[in-house]
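Working notes, structure below.
We name chains A, B, ... by the order of the sequence lines, and we start the count at 1 in each one. Not measured: the values here are computed from a predicted model.
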Amino acid sequence: QDVTLNIESWRGDDLAIWKDKLIPAFEAKNPGIKVVFAPSAPTEYDAALGAKLAAGSAGDLITCRPFDKSLELFKKGNLADISTLPGMENFSDVAKAAWQTDDGKASFCVPMASVIHGFIYNKDAFDQLGIKVPTTNEEFYAALDKIKADGTYIPMAMGTKDLWEAATMGYQNIGPNYWKGEEGRAALIKGEQKLTDPDWVAPYAELAKWKDYLGDGFEAQTYPDSQNLFTLGRAAIYPAGSWEIGLFNTQAQFKMGAFPPPVQKAGDTCYISDHTDIGMGLNAASKNADAAKTFLSWVASPDFATIYANALPGFFSLNSTPVKMEDPLAQEFVSWRDKCKSTIRSTYQILSRGTPNLENETWVESANVINGTDTPEAAAKKLQDGLDSWYKPAK
Amino acid sequence: MGSLNIENVKKAFGPVEVLKGINLEVTDGEFVVFVGPSGCGKSTLLRVIAGLEDSTSGRVVIDGADVSATPPAKRGIAMVFQTYALYPHLTVKNNMGLGLRQAGTPAAEIDRRIGIASSMLSLEPYLSRRPAELSGGQRQRVAIGRAVVREPKLFLFDEPLSNLDAALRVNTRLEIAQLHRRLKATMIYVTHDQVEAMTLADKIVVLNAGKIEQIGGPMELYNSPANEFVAGFIGSPKMNFVDGGRLGETAKTIGVRPEHLTVDAKSGAWKGTVVHAEHLGADTNVYLDCEKAGLITVRIFGVYNAEPGATLYATPDPAKTYRFGADGKVLK
Amino acid sequence: MGSLNIENVKKAFGPVEVLKGINLEVTDGEFVVFVGPSGCGKSTLLRVIAGLEDSTSGRVVIDGADVSATPPAKRGIAMVFQTYALYPHLTVKNNMGLGLRQAGTPAAEIDRRIGIASSMLSLEPYLSRRPAELSGGQRQRVAIGRAVVREPKLFLFDEPLSNLDAALRVNTRLEIAQLHRRLKATMIYVTHDQVEAMTLADKIVVLNAGKIEQIGGPMELYNSPANEFVAGFIGSPKMNFVDGGRLGETAKTIGVRPEHLTVDAKSGAWKGTVVHAEHLGADTNVYLDCEKAGLITVRIFGVYNAEPGATLYATPDPAKTYRFGADGKVLK
Amino acid sequence: MSTATRSLPRTIGAHAILLTYTAIALFPVVIVIVNSFKSRAAIFGAPLTPPTPKTFDLIGYTTVIGQGDFIHYFQNSLVVTVASLFFVLLFGAMAAFALSEYRFRGNSLMGLYLALGIMIPIRLATVAILQLMVASGLVNTLTALILVYTAQGLPLAVFILSEFMKQVSDDLKNAGRIDGLSEYTIFFRLVLPLVRPSMATVAVFTMIPIWNDLWFPLILAPSEETKTVTLGAQLFLGQFVTNWNAILAALSLAIMPVLILYVIFSRQLIRGITSGAVK
Amino acid sequence: MAAAPKRPFRWHIGVFLAPAVLVYTAIMILPLAGTLQLSLFRNINQSQVFVGLENFRMLFGDPNWSVNFWNALRNNVWFFIIHMLVQNPIGVLLAALLSSPRLRFSAFYRTAIFVPTILSFVIVGFAWKLILSPLWGVAPNLMDLVGLKSLFTPWLGKEQYALTTLSLISVWQFVGIPMMLIYAALLSIPDEVIEAAECDGITGMSQFWKIKLPLILPSIGIISILTFVGNFNAFDLIYTAQGALAGPNYSTDILGTFLYRAFFGFQLQVGDPNMGAAIATMMFLIILGGVCVYLFLVQTRLRRYQF
Ligand SMILES: Nc1ncnc2c1ncn2[C@@H]1O[C@H](COP(=O)(O)OP(=O)(O)OP(=O)(O)O)[C@@H](O)[C@H]1O
Ligand SMILES: Nc1ncnc2c1ncn2[C@@H]1O[C@H](COP(=O)(O)OP(=O)(O)OP(=O)(O)O)[C@@H](O)[C@H]1O
Ligand SMILES: [Mg+2]
Ligand SMILES: [Mg+2]
């Protein structure tokens, strides 16, 4: 009797990859286990999953959001403890941190991938305008000015309508260079730094300057608009997450390159956001726990990592075993791991547990800053006030 | 089966008292006609009998049982509504057949009865039409047909012939009389038509402003009305009422029917001037302005030529004058 | 102002031809009564005149102008619908006043006219009621009132008095006649009531099955009907038709009105047996089964006692018999 | 009514207003449908132009057909919608009749109770409903959806229908009672046919949210066998990548059945259904 | 009907009510009641603890909640006002035009105007975002055609316009609902009453105001209350067009989106069913208040006419 495992996921995008590559690969090795990948729309995923878990009709395998969302599920007993799952040894502590209890004692999801922020640019446009890839802020703005002066291209493709684009591709993208990556993030959690400190306000000040380089009516520009604007060749620079690579490769008719967030001045250490983004856990109520564990172990294996990372360039494996990737743009992104210091997004761990929710507020404020409806200082103060209202860092 | 007792029934709509204590006994198989001026409560009384309207007080007893708690469907009645209340979405045939079908009457029997009713009412060509496609009179006939096919023990007719032409009216009237004899059903019939009332009724009930003025056989009411109201209401044209004082009588009012006055060009009791003459063919109504009696109507059989302005003398038949007291009651 | 010409108007509802080519001329200020059996097309013709229904062919000309494209509102008419069509949400007063208000009549004038109309129709106590709170006859009076207050040049009345009691009917009839004189308006009036037709009409139009049978003054129709249909339709009870052959006459049918027969217990033209006697008070209808003439009706003035089964002789007034040919036309 | 009752300027005015509004109503829809036949670059490059040979692209439709069994999804949607509609209309009309026709103690409270459902988004009750379905083994069946939609549609149906049923002439129902009809026959044979236009209205109002619902199919019946069209189309809404061609194609296709249902129901919107009943 | 002491029990009332009441109670009311009662509890260490009205105190006392709540309520009121002022009059107007007898193409118009109502929110959101987007040029080009280009702004992205714009989109989508209801109501007006009005000289607009409108007043009441209920429960359009955070800067946040975030959570925000239930309870009470006002004060006073 075959066992059928259902995977809950928000990654409808990956349906084809699972169906055509990953599942056949697994099923070939594990006869008797059938796997069904059943994604729901990303906007509904958390709510739907929560309901299904509560009522006991959720799938066996659960795709995990990083940090608190999954931690909450684990605390409720919906996710099984898989600390001892064969294969978990393939991951570094950093990689596992996103799906562990605060004390690090229990792991509940197998890390699958992280994403890296940076900028993708239109190489043809840069060549045509004679622009060198910027490494410092100065060069960055010089490049933008030049593109703007030329007028063929919109300097930068970003909109604030969807809010998260401003926060994730803007603030979290360039921020680590100012707050010094993990160092600043940890200090913030400890309460040693405040969001109103200059290091945290500075990225907002930069964002405020971006306004001039965005397309007309960027206030109403949505995320897909930005993607289209760039891939249709109408914009020169795209503040990106590495996940765009796959899509851009198929859609853009021009050569692309990527550069990490520019540093303040030449010679500064560079920091990148290398964010643990997706994992997979086991539904504690699964009736097929054994088969599911077999599957999870396979997910933790280098085999999976290789297929996954190559099928989805831009989702970088967290496996300790290095994965060989074919895509040049993906290689470019992952190469920054060696040059720069990695960090995760500042708001994800611990700080978004209360009300108001720091992450949500960061979205809103980042957009406000770019729209010019809030000054960087005002934005930072709002965020800090919100955080203060519930977050009492253990001294 | 089919007897009806109405015991002190009152009905008020809010502050308006419409029925002011009606007592009436109808024996099984009787044909009772309700007459009365427009708005006097005839329809309301029918609706109370049918159970469509609650009486404010009083009892309705059908066949010896108080039916206050019996729903209309269980009272074994058929009713022709003054407003017809046809089923607009059903054909004429189904309008008539619905009740029977509900009662589980066999299809053949239903068809038979609809056949009889529709030929009696000359509705055959319209059986598959809907009410909206019928003329006023045709609708009214459907309403009659719907009641008739059910052959219940108690019929309630609310002005069922008002929209029919004279010929059809006579026919239908005869058919109803025949139906009455055949079914031995009790019938309660509201009409404004004197001829209908006189010809159909075993008993006429004269209603006025929510009260019964008089109950009696048709000729009884015609010949011996209990009061001025009944005297004036039964008979058309209306009885002439003359101020008793002016005639030197002790009675407050003297009544004489137009048909009980004779006219003469030369001499008579009351001298008057012709105001207007109405030629109805079979008879003529002459309006006379009399010195002694005021404006009176005289009904003359056949064609009578009277020019307005001419002088005529009218003479009442002394055996057929009525004398009314100050309270309107007839003085014997 | 107020003349009306109907030129070869036809009207079909799908396959059913309801008006089969009507030609009629109505001069200004005339009072025309339409009579005809139920379903013959009277209401339809009124609706065509009003502009509520398109004629299939033919023209309606009001005051010399073809009004086919003129909306009802612009035709200067008022209509009393057979089904009343009152505004259910308005009080009696507003039902009557709405049209005037729309026309911008000053409030005082509106009140005055409503006052006149409602006193003429005895509606004063009900002015603030809504139609649902009125009796059938009261509703009908509101419908009349609504038309009357507008004082247009052309009135269309569709059986306006059918639900009124005799007294009220006489009154209202007189009021309408008066209104006619006062306004000098043209009136077209549908009725089934012989008395109304005879007394009101300048001209009666007899319709049958969508065609005009005869047009003429009331007494003209009564005295010289053009054909059997008109002869039978005008006059109530209906004219007796006797098979000419049985009487040894050349005419196909011999017609004699019930009121033109005299009865005698001893001798007469036609020997018959009394079948039934209807006592109407002022007169008596005796149904006789005659050896020669078949079943005939005799109308006798006053009370006449005739026991069913008794033998009576009926004699027609030879000056007042009608002779009809095989085609139904009167033979002169 | 006759032609004479129509005045030309007024007719022209009416057509002008209606045409204008029709344009406003259809323009965005046309944009969606036109663009569903174009390649992605053309959609965003020139959304206003109709597909040219160069930009004409059925990629959306081929993706939709290729991805999953859309015919089957349509069938599921149809079954769920029609079955729910049937129960909503039947039960809703019955309850509305009881509320509008009879005076009984607690009538208005019952009316209020039955209206509560439109005041709280039923989504909030998801967990409890899902638990109920899990307990009764109805998860991943169309029955579960039909039950939920029936419950969800009832309040509105009762609310609207009871208002319309109050307009049915009492004399008519009374004529039925006198005719010996039972209350049930009066309801089914007299009242229901006479409120046809409002039944059609309620049917349409009920059908749309059912057809377009994403949430309950996702929760109660996400399996391949029970997937509905809307849920199927949702596949193309990705986290970062939305396949607009496919979404537009899938949703354009999904308009058709509802539109057909709408046209069917709106034919019940007929004039003069009660004329000739009373005078 | 007859009110007599010994009236037989009217079973049929029960039979008519039973199916609806049973299904509705089991699948809607009980689960919803179960959810709403969560507002009196709070999750402390994974167990629900009864806290009385504490959640409500927090909702109104804690600025982190109350500011958002009042903001959402304010926006919602505006959302509702726009629907009442724009959607319903347009709906009534269209219905009135459509119901003119013998209007040609009326079935076409009726269907066309109703099409937006049958669309899913995904399409509506997509279409309008595309049209209003400053990037792809639909709206700017169209406005250019009529020389109004200078008036164009990215409406959906500006705090001061976004809510109004979305309300209008929602109006566009849902005009079909009042239109159809009023249309159905207009159809039930007997032809003869209208004919009488025609003869009386009451035509056109005054016919509408004086005859038709009073007769369909109960239906107007219904669409008003349905608009009220629908608007205060609205969620999907804002959610698909602006996201759960109802940007920019919460300017399009209405009670529905606020509730959704609280109840189901969003992004990193973990859903809080207890606070969610408290908000839902407040929404419920607001709507219930409105409905009660309607049912007991307005509806009972509306006159109905039987045809
Ligand atoms: N909509 C319709 N469709 C088909 N036939 C119709 C329609 N309306 C009326 N008729 C038919 O047309 C004929 C004439 O109707 P009309 O209402 O004019 O009669 P009428 O003379 O007024 O009769 P009544 O005295 O009974 O009111 C009738 O036989 C009727 O059945
Ligand atoms: N719902 C109501 N509210 C108030 N008064 C009413 C209501 N229904 C009827 N009436 C009044 O009750 C009285 C009697 O009405 P009913 O219908 O019984 O009269 P009727 O004798 O049938 O008259 P008609 O001969 O005109 O039909 C009338 O004066 C009428 O105005
Ligand atoms: Mg009456
Ligand atoms: Mg007629």
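Proximity to chain B involves both the backbone and the side chain of Arg189(D), based on heavy atoms less than 4.5 angstrom apart. Heavy atoms closer than 4.5 Å to chain D are found in both the backbone and the side chain of Tyr84(B). Only the side chain of Leu194(D) comes within contact range of chain B, with heavy atoms under 4.5 Å apart. Interface remark: Asn163(B) contributes side-chain atoms only to the contact with chain D (heavy atom separation under 4.5 Å).
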Please output the side-chain donor-acceptor pairs of residues 144-159 of chain D that fall under 3.5 Å, not counting sequence neighbours, one pair per line with the distance.
unit_1    : atom_1 : unit_2    : atom_2 : d
Tyr149(D) : OH     : Asp213(D) : OD2    : 2.7
Thr150(D) : OG1    : Ile146(D) : O      : 2.6

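Interface remark: of the candidates Asp170(D), Thr185(D), Leu190(D), Leu190(D) forms the most heavy-atom pairs closer than 4.5 Å to chain B. Among Arg146(B), Glu133(B), Met79(B), Gln82(B), the residue making the largest number of heavy-atom pairs under 4.5 Å with chain D is Arg146(B).
A cation-pi arrangement is present between Lys11(B) and Phe13(B), with the terminal nitrogen or guanidinium carbon under 6.0 Å from the aromatic centre and inside a 45° cone about the axis.
Among the residues in residues 95-128 of chain B, those with a non-hydrogen atom closer than 4.5 angstrom to a non-hydrogen atom of chain D are Asn95(B), Leu98(B), Gly99(B), Arg101(B), Gln102(B).
At a threshold of 4.5 Å between non-hydrogen side-chain atoms, the residues Glu17(B) and Thr56(B) do not count as touching. You'll find the side chain of Phe97(D) stays beyond 4.5 Å of the side chain of Leu192(D), heavy atoms only. Val9(B) places none of its side-chain heavy atoms less than 4.5 Å from the side chain of Arg59(B).
Taking 4.0 Å as the cut-off between side-chain N and carboxylate O, Lys42(B) and Asp158(B) do not count as a salt-bridged pair.
Defined by atom type and a distance below 3.5 Å, a donor-acceptor pair is present between the side-chain atoms of Asp66(B) and Ser68(B). Inspection of the Tyr102(D) and Glu183(D) side chains reveals an N or O donor paired with an N or O acceptor under 3.5 Å.
Of the possible donor and acceptor atoms, none in the side chain of Glu175(B) sits under 3.5 Å from a partner among the backbone N and O of Thr172(B).
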